[in-house]
Chemist: 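After the C-alpha coordinates below, expect a handful of questions from me.
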2 protein chains.
Amino acid sequence: MTVRLPAVKSPAELTELFRQEGLKITPQRVSIFRVLHDNLDHPTAESVYDTVRQEMPSISLRTVYQTLNDLASMGEIGQLDLGTGSARFDPNLDSHHHLVCDTCGKVIDIYADFDDVRLPRRQLQGFRVAATEIVFRGQCPDCSARADRATR
Amino acid sequence: MTVRLPAVKSPAELTELFRQEGLKITPQRVSIFRVLHDNLDHPTAESVYDTVRQEMPSISLRTVYQTLNDLASMGEIGQLDLGTGSARFDPNLDSHHHLVCDTCGKVIDIYADFDDVRLPRRQLQGFRVAATEIVFRGQCPDCSARADRATR
DNA sequence: TTTCTTTCTAACAATCGTTGCAGTTTGAGG
DNA sequence: CCTCAAACTGCAACGATTGTTAGAAAGAAA
Ligand SMILES: [Mn+2]
Ligand SMILES: [Mn+2]
Ligand SMILES: [Zn+2]
Ligand SMILES: [Zn+2]
(Lines give C-alpha, C1' and ligand atoms only; values in the text may rest on other atoms or scores of the structure.)
(Ligands and ions follow the chains in the order given, each with its own letter.)
Protein backbone atom coordinates (compact mmCIF):
# COMPACT_ATOMS: atom_id res chain seq x y z
CA MET A 1 0.00 0.00 0.00
CA THR A 2 1.74 3.14 -1.25
CA VAL A 3 0.64 6.71 -0.59
CA ARG A 4 0.42 9.42 -3.26
CA LEU A 5 -0.55 13.06 -3.61
CA PRO A 6 -3.44 14.84 -5.33
CA ALA A 7 -2.97 16.46 -8.75
CA VAL A 8 -5.42 19.06 -9.96
CA LYS A 9 -4.92 21.02 -13.17
CA SER A 10 -4.89 24.79 -12.85
CA PRO A 11 -7.27 27.08 -14.79
CA ALA A 12 -4.28 28.16 -16.87
CA GLU A 13 -3.40 24.60 -17.79
CA LEU A 14 -6.97 23.78 -18.73
CA THR A 15 -7.18 26.97 -20.77
CA GLU A 16 -4.06 25.97 -22.63
CA LEU A 17 -5.44 22.49 -23.28
CA PHE A 18 -8.66 23.90 -24.67
CA ARG A 19 -6.71 26.24 -26.91
CA GLN A 20 -4.67 23.31 -28.22
CA GLU A 21 -7.88 21.52 -29.11
CA GLY A 22 -9.02 24.53 -31.10
CA LEU A 23 -11.73 25.29 -28.56
CA LYS A 24 -12.50 28.86 -27.64
CA ILE A 25 -11.67 30.40 -24.32
CA THR A 26 -14.83 31.93 -22.94
CA PRO A 27 -15.35 33.59 -19.57
CA GLN A 28 -17.85 30.84 -18.71
CA ARG A 29 -15.24 28.16 -19.22
CA VAL A 30 -12.53 29.98 -17.35
CA SER A 31 -14.87 30.49 -14.45
CA ILE A 32 -15.75 26.80 -14.38
CA PHE A 33 -12.05 25.91 -14.50
CA ARG A 34 -11.43 28.14 -11.51
CA VAL A 35 -14.28 26.68 -9.51
CA LEU A 36 -13.13 23.14 -10.23
CA HIS A 37 -9.60 23.96 -9.23
CA ASP A 38 -10.43 24.80 -5.68
CA ASN A 39 -13.24 22.35 -5.15
CA LEU A 40 -11.94 19.23 -3.51
CA ASP A 41 -15.30 17.78 -2.54
CA HIS A 42 -16.42 16.14 -5.79
CA PRO A 43 -19.05 18.68 -6.78
CA THR A 44 -22.15 17.91 -8.80
CA ALA A 45 -22.91 19.91 -11.95
CA GLU A 46 -25.53 21.77 -9.96
CA SER A 47 -23.10 22.75 -7.25
CA VAL A 48 -20.52 23.96 -9.78
CA TYR A 49 -23.36 25.93 -11.33
CA ASP A 50 -24.27 27.51 -8.00
CA THR A 51 -20.69 28.57 -7.36
CA VAL A 52 -20.02 29.93 -10.83
CA ARG A 53 -23.28 31.81 -10.71
CA GLN A 54 -21.99 33.93 -7.85
CA GLU A 55 -19.57 35.66 -10.16
CA MET A 56 -21.49 35.14 -13.39
CA PRO A 57 -25.22 35.14 -12.67
CA SER A 58 -26.22 34.74 -16.29
CA ILE A 59 -24.50 31.42 -16.95
CA SER A 60 -26.79 28.52 -17.76
CA LEU A 61 -26.76 25.11 -16.18
CA ARG A 62 -26.59 23.69 -19.70
CA THR A 63 -23.23 25.35 -20.25
CA VAL A 64 -21.90 23.90 -17.01
CA TYR A 65 -22.93 20.40 -18.05
CA GLN A 66 -21.45 20.96 -21.49
CA THR A 67 -18.10 22.07 -20.14
CA LEU A 68 -17.91 19.34 -17.51
CA ASN A 69 -18.69 16.75 -20.17
CA ASP A 70 -16.03 18.23 -22.45
CA LEU A 71 -13.45 18.10 -19.68
CA ALA A 72 -14.42 14.56 -18.79
CA SER A 73 -14.21 13.30 -22.35
CA MET A 74 -10.84 15.01 -22.73
CA GLY A 75 -9.82 13.05 -19.65
CA GLU A 76 -9.07 16.23 -17.70
CA ILE A 77 -11.50 15.51 -14.91
CA GLY A 78 -13.08 12.32 -13.63
CA GLN A 79 -16.74 11.53 -13.27
CA LEU A 80 -18.10 9.39 -10.46
CA ASP A 81 -21.44 7.62 -10.29
CA LEU A 82 -21.94 6.67 -6.69
CA GLY A 83 -25.70 6.34 -6.52
CA THR A 84 -26.04 9.70 -4.79
CA GLY A 85 -28.60 10.90 -7.33
CA SER A 86 -26.33 12.95 -9.54
CA ALA A 87 -22.90 12.54 -11.07
CA ARG A 88 -19.94 13.89 -9.14
CA PHE A 89 -17.00 15.45 -10.94
CA ASP A 90 -13.48 14.92 -9.74
CA PRO A 91 -10.73 17.35 -10.76
CA ASN A 92 -8.13 15.18 -9.06
CA LEU A 93 -6.49 13.21 -11.83
CA ASP A 94 -4.32 10.98 -9.72
CA SER A 95 -5.68 7.46 -9.60
CA HIS A 96 -7.26 7.13 -6.19
CA HIS A 97 -10.26 5.70 -4.39
CA HIS A 98 -13.23 6.99 -2.42
CA LEU A 99 -14.90 6.91 0.95
CA VAL A 100 -18.61 7.72 0.68
CA CYS A 101 -21.17 8.59 3.33
CA ASP A 102 -24.36 6.77 2.35
CA THR A 103 -26.36 9.13 4.50
CA CYS A 104 -25.31 12.60 3.34
CA GLY A 105 -23.39 11.80 0.18
CA LYS A 106 -20.05 13.22 1.31
CA VAL A 107 -17.12 11.88 -0.77
CA ILE A 108 -13.55 11.74 0.52
CA ASP A 109 -10.42 10.81 -1.39
CA ILE A 110 -8.38 7.79 -0.41
CA TYR A 111 -4.83 8.05 -1.67
CA ALA A 112 -3.57 4.53 -1.56
CA ASP A 113 -2.58 1.76 -3.91
CA PHE A 114 -4.07 -1.60 -3.18
CA ASP A 115 -1.64 -3.72 -5.09
CA ASP A 116 -3.48 -6.87 -4.13
CA VAL A 117 -6.51 -5.87 -6.19
CA ARG A 118 -5.78 -7.42 -9.55
CA LEU A 119 -7.81 -10.06 -11.36
CA PRO A 120 -6.17 -13.30 -12.43
CA ARG A 121 -6.69 -13.92 -16.14
CA ARG A 122 -8.92 -16.81 -15.23
CA GLN A 123 -11.59 -14.48 -13.82
CA LEU A 124 -11.29 -11.89 -16.59
CA GLN A 125 -13.24 -13.94 -19.13
CA GLY A 126 -11.65 -11.95 -21.92
CA PHE A 127 -12.47 -8.56 -20.44
CA ARG A 128 -9.96 -5.74 -20.87
CA VAL A 129 -9.86 -3.92 -17.55
CA ALA A 130 -9.12 -0.22 -17.88
CA ALA A 131 -9.70 0.92 -14.32
CA THR A 132 -10.27 -0.43 -10.85
CA GLU A 133 -12.45 1.61 -8.52
CA ILE A 134 -12.74 0.94 -4.83
CA VAL A 135 -15.56 2.56 -2.90
CA PHE A 136 -15.71 2.36 0.86
CA ARG A 137 -19.28 3.01 1.97
CA GLY A 138 -20.46 3.92 5.41
CA GLN A 139 -21.30 6.87 7.60
CA CYS A 140 -19.33 10.03 8.17
CA PRO A 141 -18.71 11.24 11.72
CA ASP A 142 -21.39 13.95 11.43
CA CYS A 143 -24.05 11.51 10.30
CA SER A 144 -23.03 8.94 12.91
CA ALA A 145 -23.40 11.57 15.62
CA ARG A 146 -26.77 12.65 14.28
CA ALA A 147 -27.95 9.02 14.22
CA ASP A 148 -26.79 8.43 17.79
CA ARG A 149 -28.61 11.54 18.96
CA ALA A 150 -31.83 10.34 17.32
CA THR A 151 -31.64 6.94 19.02
CA ARG A 152 -31.17 8.41 22.48
CA MET B 1 -7.65 -14.20 -1.99
CA THR B 2 -10.36 -16.74 -1.22
CA VAL B 3 -13.00 -17.95 -3.64
CA ARG B 4 -16.70 -18.30 -2.77
CA LEU B 5 -20.00 -19.30 -4.31
CA PRO B 6 -23.16 -17.36 -5.22
CA ALA B 7 -26.18 -17.41 -2.92
CA VAL B 8 -29.58 -16.47 -4.30
CA LYS B 9 -32.79 -16.79 -2.30
CA SER B 10 -35.52 -18.95 -3.82
CA PRO B 11 -39.05 -17.67 -4.51
CA ALA B 12 -40.24 -19.85 -1.62
CA GLU B 13 -37.74 -18.32 0.78
CA LEU B 14 -38.64 -14.79 -0.25
CA THR B 15 -42.32 -15.62 0.06
CA GLU B 16 -41.74 -16.87 3.57
CA LEU B 17 -39.80 -13.73 4.44
CA PHE B 18 -42.59 -11.53 3.18
CA ARG B 19 -45.09 -13.55 5.17
CA GLN B 20 -43.00 -13.10 8.30
CA GLU B 21 -42.99 -9.35 7.73
CA GLY B 22 -46.78 -9.41 7.53
CA LEU B 23 -46.68 -8.54 3.83
CA LYS B 24 -49.16 -10.10 1.46
CA ILE B 25 -48.28 -12.76 -1.04
CA THR B 26 -49.57 -11.56 -4.37
CA PRO B 27 -49.10 -13.19 -7.75
CA GLN B 28 -47.17 -10.10 -8.83
CA ARG B 29 -44.66 -10.53 -6.04
CA VAL B 30 -44.27 -14.23 -6.55
CA SER B 31 -43.66 -13.70 -10.23
CA ILE B 32 -41.02 -11.09 -9.51
CA PHE B 33 -39.35 -13.44 -7.00
CA ARG B 34 -39.20 -16.13 -9.67
CA VAL B 35 -37.73 -13.82 -12.27
CA LEU B 36 -35.08 -12.59 -9.86
CA HIS B 37 -34.15 -16.10 -8.90
CA ASP B 38 -33.00 -17.13 -12.31
CA ASN B 39 -31.60 -13.83 -13.43
CA LEU B 40 -27.89 -13.72 -12.86
CA ASP B 41 -27.14 -10.70 -14.96
CA HIS B 42 -28.04 -7.85 -12.61
CA PRO B 43 -31.32 -6.83 -14.25
CA THR B 44 -32.75 -3.34 -14.24
CA ALA B 45 -36.29 -2.73 -13.01
CA GLU B 46 -37.32 -2.38 -16.63
CA SER B 47 -35.87 -5.73 -17.61
CA VAL B 48 -37.50 -7.49 -14.67
CA TYR B 49 -40.73 -5.83 -15.80
CA ASP B 50 -40.30 -7.10 -19.35
CA THR B 51 -39.76 -10.65 -18.17
CA VAL B 52 -42.58 -10.69 -15.66
CA ARG B 53 -44.92 -9.23 -18.23
CA GLN B 54 -44.57 -12.33 -20.36
CA GLU B 55 -46.54 -14.33 -17.83
CA MET B 56 -48.51 -11.46 -16.34
CA PRO B 57 -49.16 -8.84 -18.99
CA SER B 58 -51.18 -6.60 -16.71
CA ILE B 59 -48.49 -5.94 -14.11
CA SER B 60 -47.38 -2.36 -13.81
CA LEU B 61 -43.84 -1.09 -13.84
CA ARG B 62 -44.70 0.75 -10.65
CA THR B 63 -45.28 -2.53 -8.85
CA VAL B 64 -41.96 -3.90 -10.04
CA TYR B 65 -40.13 -0.88 -8.68
CA GLN B 66 -42.11 -1.14 -5.47
CA THR B 67 -41.25 -4.78 -4.91
CA LEU B 68 -37.60 -4.39 -5.84
CA ASN B 69 -37.33 -1.48 -3.42
CA ASP B 70 -39.01 -3.53 -0.71
CA LEU B 71 -36.62 -6.41 -1.26
CA ALA B 72 -33.65 -4.07 -1.26
CA SER B 73 -34.64 -2.35 1.96
CA MET B 74 -35.23 -5.73 3.58
CA GLY B 75 -31.68 -6.53 2.53
CA GLU B 76 -32.82 -9.47 0.41
CA ILE B 77 -31.35 -8.16 -2.83
CA GLY B 78 -28.62 -5.68 -3.56
CA GLN B 79 -28.81 -2.55 -5.63
CA LEU B 80 -25.94 -1.32 -7.76
CA ASP B 81 -25.42 2.14 -9.16
CA LEU B 82 -22.76 1.82 -11.77
CA GLY B 83 -23.47 4.83 -13.94
CA THR B 84 -25.11 2.68 -16.59
CA GLY B 85 -28.21 4.85 -16.63
CA SER B 86 -30.44 2.79 -14.39
CA ALA B 87 -30.08 0.91 -11.13
CA ARG B 88 -29.19 -2.76 -11.34
CA PHE B 89 -30.61 -5.23 -8.87
CA ASP B 90 -28.53 -8.10 -7.58
CA PRO B 91 -30.23 -11.19 -6.10
CA ASN B 92 -26.85 -12.62 -5.15
CA LEU B 93 -26.45 -11.91 -1.46
CA ASP B 94 -22.91 -13.12 -1.04
CA SER B 95 -20.51 -10.25 -0.66
CA HIS B 96 -18.74 -10.03 -3.98
CA HIS B 97 -17.43 -7.56 -6.53
CA HIS B 98 -18.15 -6.62 -10.14
CA LEU B 99 -16.63 -6.42 -13.58
CA VAL B 100 -18.44 -3.88 -15.75
CA CYS B 101 -18.31 -3.25 -19.49
CA ASP B 102 -18.33 0.52 -19.92
CA THR B 103 -19.50 0.08 -23.49
CA CYS B 104 -22.55 -2.18 -23.24
CA GLY B 105 -23.21 -2.16 -19.50
CA LYS B 106 -22.74 -5.88 -18.94
CA VAL B 107 -22.07 -6.73 -15.27
CA ILE B 108 -20.24 -9.87 -14.16
CA ASP B 109 -19.74 -11.15 -10.64
CA ILE B 110 -16.28 -11.49 -9.18
CA TYR B 111 -16.19 -13.95 -6.32
CA ALA B 112 -13.04 -13.12 -4.48
CA ASP B 113 -11.95 -11.63 -1.20
CA PHE B 114 -9.33 -8.96 -1.42
CA ASP B 115 -8.09 -9.07 2.12
CA ASP B 116 -5.60 -6.32 1.44
CA VAL B 117 -8.37 -3.78 0.96
CA ARG B 118 -8.83 -2.36 4.41
CA LEU B 119 -8.37 1.21 5.52
CA PRO B 120 -5.99 2.02 8.35
CA ARG B 121 -7.76 4.03 11.07
CA ARG B 122 -5.61 6.99 10.12
CA GLN B 123 -7.38 7.34 6.75
CA LEU B 124 -10.86 6.72 8.10
CA GLN B 125 -11.26 10.19 9.59
CA GLY B 126 -13.93 8.86 11.92
CA PHE B 127 -15.95 7.21 9.17
CA ARG B 128 -17.68 3.92 9.96
CA VAL B 129 -17.20 1.72 6.91
CA ALA B 130 -20.06 -0.69 6.30
CA ALA B 131 -19.11 -2.08 2.92
CA THR B 132 -16.27 -2.12 0.43
CA GLU B 133 -17.17 -2.30 -3.23
CA ILE B 134 -14.66 -2.98 -5.95
CA VAL B 135 -15.61 -2.29 -9.55
CA PHE B 136 -13.36 -3.36 -12.39
CA ARG B 137 -14.23 -1.32 -15.46
CA GLY B 138 -13.32 -2.05 -19.02
CA GLN B 139 -14.57 -3.69 -22.16
CA CYS B 140 -16.17 -7.08 -22.56
CA PRO B 141 -14.92 -9.44 -25.30
CA ASP B 142 -17.92 -8.68 -27.54
CA CYS B 143 -17.41 -4.95 -27.35
CA SER B 144 -13.66 -5.28 -27.83
CA ALA B 145 -14.25 -7.31 -30.98
CA ARG B 146 -16.79 -4.80 -32.26
CA ALA B 147 -14.33 -1.96 -31.63
CA ASP B 148 -11.52 -3.77 -33.44
CA ARG B 149 -13.77 -4.43 -36.40
CA ALA B 150 -14.66 -0.72 -36.62
CA THR B 151 -11.00 0.34 -36.58
CA ARG B 152 -10.01 -1.99 -39.41
C1' DT C 1 -9.95 47.87 -36.60
C1' DT C 2 -13.16 45.59 -39.41
C1' DT C 3 -14.67 41.54 -41.30
C1' DC C 4 -15.50 36.75 -41.54
C1' DT C 5 -15.86 32.16 -39.93
C1' DT C 6 -16.53 29.10 -36.37
C1' DT C 7 -17.81 27.91 -31.98
C1' DC C 8 -20.43 28.76 -27.88
C1' DT C 9 -24.18 30.22 -24.95
C1' DA C 10 -28.79 30.74 -23.25
C1' DA C 11 -33.27 29.43 -23.31
C1' DC C 12 -36.42 26.04 -23.67
C1' DA C 13 -38.21 21.60 -24.68
C1' DA C 14 -37.63 16.82 -24.32
C1' DT C 15 -36.06 12.47 -22.40
C1' DC C 16 -35.01 9.02 -18.98
C1' DG C 17 -35.35 6.64 -14.73
C1' DT C 18 -37.88 6.78 -10.74
C1' DT C 19 -41.35 8.07 -7.32
C1' DG C 20 -45.94 10.27 -5.53
C1' DC C 21 -50.67 9.95 -5.64
C1' DA C 22 -55.64 8.44 -6.06
C1' DG C 23 -58.83 5.43 -7.01
C1' DT C 24 -59.74 0.42 -7.51
C1' DT C 25 -58.77 -4.32 -6.41
C1' DT C 26 -57.51 -8.16 -3.56
C1' DG C 27 -55.30 -11.36 0.00
C1' DA C 28 -56.10 -13.20 4.33
C1' DG C 29 -58.27 -13.51 8.81
C1' DG C 30 -62.70 -13.93 11.00
C1' DC D 1 -68.69 -15.12 2.27
C1' DC D 2 -67.40 -10.30 4.60
C1' DT D 3 -64.27 -6.86 5.81
C1' DC D 4 -60.63 -3.89 5.31
C1' DA D 5 -55.84 -2.86 5.50
C1' DA D 6 -52.56 -3.47 2.15
C1' DA D 7 -51.29 -3.76 -2.60
C1' DC D 8 -52.03 -2.77 -7.47
C1' DT D 9 -52.53 0.09 -11.59
C1' DG D 10 -52.28 4.19 -14.31
C1' DC D 11 -50.82 8.46 -14.63
C1' DA D 12 -48.81 12.72 -13.18
C1' DA D 13 -44.77 14.69 -11.39
C1' DC D 14 -39.93 14.96 -10.44
C1' DG D 15 -34.84 15.49 -10.67
C1' DA D 16 -30.97 14.91 -13.61
C1' DT D 17 -29.36 15.28 -17.99
C1' DT D 18 -29.39 16.08 -22.99
C1' DG D 19 -31.23 17.93 -27.73
C1' DT D 20 -32.15 21.97 -30.44
C1' DT D 21 -31.41 26.35 -32.27
C1' DA D 22 -31.14 31.31 -32.90
C1' DG D 23 -28.34 34.79 -31.64
C1' DA D 24 -23.88 36.26 -29.44
C1' DA D 25 -19.11 36.21 -28.99
C1' DA D 26 -14.26 34.59 -29.87
C1' DG D 27 -10.48 34.27 -32.67
C1' DA D 28 -8.25 34.49 -37.22
C1' DA D 29 -7.51 37.05 -41.21
C1' DA D 30 -7.15 41.11 -43.72
MN1 LIG E 1 -11.62 11.89 -5.76
MN1 LIG F 1 -23.39 -9.30 -8.43
ZN1 LIG G 1 -22.65 11.94 6.24
ZN1 LIG H 1 -19.67 -4.87 -23.67
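These numbers were taken from a predicted model, which means no experiment stands behind them.
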Chemist: Can you tell me the distance, in whole Å, between the CG atom of B:Leu68 and the P atom of C:dG17?
Modeler: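 Atom-to-atom, B:Leu68 to C:dG17, this comes out as 15 Å.
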Chemist: Rounded to whole angstroms, how far apart are CZ on A:Phe18 and C1' on C:dC8?
Modeler: 11 Å
Chemist: Which listed nucleotide (D:dA26, D:dG27, C:dA28) is nearest to the side chain of A:Pro27?
Modeler: D:dA26
Chemist: State whether B:Arg62 places a side-chain N or O below 4.0 Å from either non-bridging phosphate oxygen (OP1 or OP2) of D:dC11.
Modeler: no
Chemist: Tell me, do B:Asp41 and B:Lys106 make a side-chain contact under 4.5 Å, heavy atoms counted?
Modeler: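 Contact flag for B:Asp41/B:Lys106 side chains = no.
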Chemist: What does B:Gly22 touch in the nucleic acid at a heavy-atom separation under 4.0 angstrom: a base, only the sugar-phosphate, or nothing?
Modeler: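 Answer is nothing: B:Gly22 stays at 4.0 Å or more from every strand.
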Chemist: Starting from C1' on D:dG10, measure out to CZ on B:Arg53 and report it in whole angstrom.
Modeler: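 Spelled out: CZ on B:Arg53 to C1' on D:dG10 is 14 Å.
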Chemist: Between A:Thr67 and A:Gln28, is any side-chain donor less than 3.5 angstrom from a side-chain acceptor?
Modeler: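 No, because no side-chain N or O of A:Thr67 sits under 3.5 Å from a partner of the opposite role on A:Gln28.
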Chemist: Think B:Tyr65 has a side-chain N or O under 4.0 angstrom from the OP1 or OP2 of C:dT19?
Modeler: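 It does not, given that no N or O in the side chain of B:Tyr65 lies less than 4.0 Å from OP1 or OP2 of C:dT19.
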Chemist: To the nearest Å, give me how far apart NZ (B:Lys24) and P (D:dC4) are.
Modeler: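 Interatomic distance, NZ of B:Lys24 to P of D:dC4: 12 Å.
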Chemist: Can you tell me how far P of C:dT9 sits from CG of A:Asn69, to the nearest Å?
Modeler: 13 Å
Chemist: Taking CG from B:Leu61 and P from C:dG17, how many angstroms apart are they, rounded to a whole number?
Modeler: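 It works out to 10 Å between those atoms.
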Chemist: Which whole-number value in Å describes the distance from B:Asp70 CG to C:dT19 C1'?
Modeler: 13 Å
Chemist: I want to check one thing: is the phosphate of C:dT9, taken as OP1 and OP2, less than 4.0 Å away from some side-chain N or O of A:Thr26?
Modeler: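 True: A:Thr26 side-chain N/O within range (under 4.0 Å) of C:dT9 OP1/OP2.
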Chemist: Just N and O in the side chain of B:Gln28: are any of them under 4.0 Å from OP1 or OP2 of D:dT9?
Modeler: yes
Chemist: Parallel, tilted or perpendicular, judged at 30° and 60°: which one describes the rings of A:Phe33 and A:Phe18?
Modeler: perpendicular
Chemist: Looking at C:dA10, I'd like to know if its phosphate oxygens (OP1 or OP2) sit under 4.0 Å from a side-chain N or O belonging to A:Thr63.
Modeler: yes
Chemist: Tell me what B:Ser58 touches on the nucleic acid: a base, only sugar-phosphate, or nothing, going by heavy atoms under 4.0 Å.
Modeler: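 B:Ser58: backbone/sugar contact only, no base atoms under 4.0 Å.
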Chemist: Reading DNA chain C from 5' onward, which residue's closest nucleotide shows up sooner: B:Arg88 or A:Thr67?
Modeler: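 Nearest nucleotide further toward 5': that of A:Thr67.
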Chemist: Can the ring centres of A:Tyr49 and A:Tyr65 be said to be less than 6.0 Å apart?
Modeler: no
Chemist: Expressed in angstrom and rounded to an integer, what is the separation of A:Glu21 atom CD from D:dA26 atom C1'?
Modeler: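 My rounded result for the distance is 17 Å.
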Chemist: Assign each of B:Ser86 and B:Arg19 to its nearest nucleotide of DNA chain C by heavy atoms, then name whichever residue's nucleotide is nearer the 5' end.
Modeler: B:Ser86
Chemist: How about B:His42 and B:Asp109: does a side-chain donor come under 3.5 Å of a side-chain acceptor?
Modeler: yes
Chemist: Is the phosphate of D:dT17, meaning OP1 or OP2, less than 4.0 Å from a side-chain N or O of A:Gln66?
Modeler: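 Negative; the distance criterion is not met.
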Chemist: Assuming nearest nucleotide by heavy-atom distance, tell me which of A:Ile25 and B:Leu23 is located more 5' along DNA chain D.
Modeler: B:Leu23
